[in-house]
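The sequence lines fix the lettering, A, B, ..., with proteins before strands; numbering per chain opens at 1. What you see below is based on every heavy atom in this structure, not just the backbone, and it leaves out hydrogens, waters and symmetry mates.
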Protein chains: 2
Amino acid sequence: MAVTIKDIAAYAGVSYSTVSRALNGSGAVEEAKKEKILEIARSMGYVPNQAAIMLKKSKSRNIGLCFSTISKSTSPYILHDVLIGVYGVIGSDYHIIVKAMDMHEPGTLNQSNFAGLLIMSQTDRDEEFVEEARAKGIPMIAISRRIHSGVPAVVTDEKGGMEKVMDYLLEQGHRRIGVIEGNPNLEATMLRHEGFWQAASRWGLDAKSIPIEYGNYRYNSGRLAAGKLLDAHNDLTAILCFNDEMAMGAIIATTERGLKVPEDISITGFDNLDISGYADIRLTTVERNSIQIAAEGARMLLAYMQEGALPKDVWLENRLVKRNTVSNQQQRVNR
Amino acid sequence: MAVTIKDIAAYAGVSYSTVSRALNGSGAVEEAKKEKILEIARSMGYVPNQAAIMLKKSKSRNIGLCFSTISKSTSPYILHDVLIGVYGVIGSDYHIIVKAMDMHEPGTLNQSNFAGLLIMSQTDRDEEFVEEARAKGIPMIAISRRIHSGVPAVVTDEKGGMEKVMDYLLEQGHRRIGVIEGNPNLEATMLRHEGFWQAASRWGLDAKSIPIEYGNYRYNSGRLAAGKLLDAHNDLTAILCFNDEMAMGAIIATTERGLKVPEDISITGFDNLDISGYADIRLTTVERNSIQIAAEGARMLLAYMQEGALPKDVWLENRLVKRNTVSNQQQRVNR
DNA sequence: GTTAATATTGCAAAGGTTTGCAAGAAATAA
DNA sequence: TTATTTCTTGCAAACCTTTGCAATATTAAC
């Protein structure tokens with residue numbers, strides 16, 4: 001049905017090996033003949049059979065972009081940004097296969113299927129998958145968190161970022177600060193926890209004086225958690241949220257109670273989703289550029305696949321983005 | 001390197017054809033032997049070489065999920081929902097390759113590479129891609145809009161949906177309604193335009209009395225457009241937006257100007273993103289369930305690929321979701 | 001026990017490509 | 001002209017499966 005190099009060879013009156021060499025410039029082919037073959041291939045609408053190439057070279061042109069899950073518990077923003085970042089680097093050299101690790105059937109991973117994997121892991125349940133990939137020798141890069149000692153990673157300074165934003169709140173005079181953390185078992189949560197706690201203890205805050213609620217990093221959970229905090233502690237002047245989505249929820253919970261942001265309650269986030277900077281309530285947050293992280297990971301993977309040398313971890317700073325959801329306590333009386 | 005059926009055959013003392021038959025239950029194999037072969041395969045960690053299977057069967061296990069673009073102009077919400085919908089149906093039977101049609105290199109499409117395509121087209125620039133796929137005989141389903149007479153589609157009642165929400169505004173007594181449309185060249189925009197216009201003329205509204213601004217379906221454009229509308233027409237009581245994202249922007253633009261939603265200005269959306277129902281400002285909108293659309297499309301594609309019969313178009317209703325961003329004009333004086 | 005029918009198995013080809021090897025052609029050197 | 005080197009080219013094997021066909025083993029029927 002489809003045009004093969006044999007068809008081209010027959011038409012051009014050469015052997016198919018010559019066609020193959022002409023097509024991908026591997027061996028030497030007489031210039032004129034090469035031109036002619038390329039022209040014929042084009043006019044016949046030849047498309048290389050990827051399956052055959054993969055079989056022969058035992059190399060695929062697929063890159064797996066692996067998320068812990070595709071369900072509602074992954075943030076649409078992050079997913080989108082990661083795709084943008086990866087695409088920007090990979091272009092059309094490879095196909096990008098979006099995989100949900102929680103749906104993986106153990107034992108079905110194959111080197112001939114994936115030239116490399118980009119792992120966007122959120123949970124330790126992904127370990128089995130990662131282990132399988134490692135056993136099969138598939139090049140892997142972890143983006144967003146370290147997952148395994150042998151897997152190069154792009155990591156951002158979660159701890160330092162959170163420290164910066166907590167410091168900022170404290171510098172602005174806030175002392176009664178509520179915290180909305182994310183899923184406690186995630187590494188990102190633990191690092192961010194360490195970060196805010198480090199700042200807090202440096203400023204001499206007492207653990208008991210910091211009320212903490214837990215969300216799941218999604219909008220609605222932030223709204224509920226903020227509600228609980230505000231209802232239980234009417235002396236709070238600020239709420240530090242472990243990500244932007246929950247911070248958005250917290251803003252709503254605050255205004256729902258007739259309180260103003262930032263006049264009555266200051267709120268901070270983490271991620272700097274683009275939507276966080278749009279509204280009139282422009283979130284003070286920590287920039288964690290998912291596009292950049294993903295792009296960096298893709299670059300590393302490409303290098304890894306092509307040169308074979310294990311890339312070194314990449315460490316990205318997180319920048320504090322000061323906007324208008326944090327008030328200065330020195331300049332006003334307590335509520 | 002990797003384990004092949006020959007290795008299994010050698011170990012089990014049978015021919016590799018027998019192993020093949022045992023493995024995928026095609027021919028008859030003595031029960032005891034079959035068990036043994038499966039056991040050996042498992043213990044040796046056998047993974048079928050997809051490339052070889054694809055080559056032999058000239059059938060791939062990849063489904064292309066094709067967006068017009070992956071850049072910032074695709075909505076993260078929709079992208080996410082579509083992925084969820086497709087995954088729910090496809091599971092792990094196929095790999096899902098996310099493709100950006102604007103990055104496609106013409107002539108590189110191949111039946112052996114894609115078992116089928118799900119087309120989420122937003123612009124006519126995708127036509128070249130679709131035409132190539134059609135010429136190559138790759139099964140395709142269009143989701144979200146009709147793209148080609150020969151391509152079965154899952155379409156929702158854009159026009160009817162917009163008619164419903166415009167009707168609702170008019171029933172509530174609004175007569176000075178501003179409109180924020182999306183990119184004028186998109187089919188969805190035209191259909192939605194027809195819908196609101198049909199309702200408007202049925203109620204005897206004059207074209208000149210309806211100010212229209214154009215956004216690009218993203219948040220920020222809605223904010224800007226609403227700003228223009230409000231600044232230029234201080235008698236507006238409602239703004240009808242062509243999607244939820246722009247409606248969110250419009251809400252912000254409204255509150256930025258010290259106006260309240262819905263007391264001063266009513267606002268409606270289209271899409272019913274899950275985030276639209278979370279805040280205290282819960283958007284009145286039209287439900288357009290992307291998860292459902294994508295799932296339906298995936299089901300059709302599967303049927304198409306397996307049975308070969310061209311599926312019929314699927315038509316989904318769009319439901320008006322009344323929430324709290326529309327006020328009743330009869331109950332209050334004009335602003 | 002013989003024949004016929006059926007169940008099980010192996011052989012070999014095929015699918016489209018790449019590539020080592022050897023042969024042939026052309027160019028250079030003597 | 002002949003010997004040597006360098007380009008070009010074709011042959012054939014290999015990558016791993018699936019599957020039609022023929023061969024063999026097993027069972028059933030008489």
NA contact type, [X], heavy-atom cut-off 4.0 Å: base, sugar-phosphate, or nothing?
X     : value
A/K6  : base
A/I5  : base
A/S20 : base

Could you check, using the six-membered ring where one of them is a Trp, whether A/H95 and A/F114 have ring centers closer than 6.0 angstrom?
no
5'-most contact on DNA chain C (nearest-nucleotide basis), A/K57 vs B/K56, goes to B/K56
From the list B/V86, B/I90, B/L79, side chain to side chain contact (heavy atoms under 4.5 Å, CB included) partner of B/L65 resolves to B/V86
* Has A/N49 got a side-chain N or O lying under 4.0 Å from the OP1 or OP2 atom of C/dG15? ->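 Result: no.
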D/dC15 phosphate, OP1 or OP2, under 4.0 Å from B/Y16 side-chain N/O:
no
Which residue lies toward the 5' end of DNA chain D, B/L55 or B/S17, if each is placed at its nearest nucleotide?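 The residue whose closest nucleotide sits nearer the 5' end is B/L55.
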Taken to the nearest whole Å, CG/B/L23 to P/D/dT18 is 7 Å
Here the distance between atom C1' of D/dT9 and atom NZ of A/K36, to the nearest Å, is 14 Å
Regarding the side chain of B/R21, the nearest nucleotide among C/dT9, C/dT18, D/dT17 is C/dT9
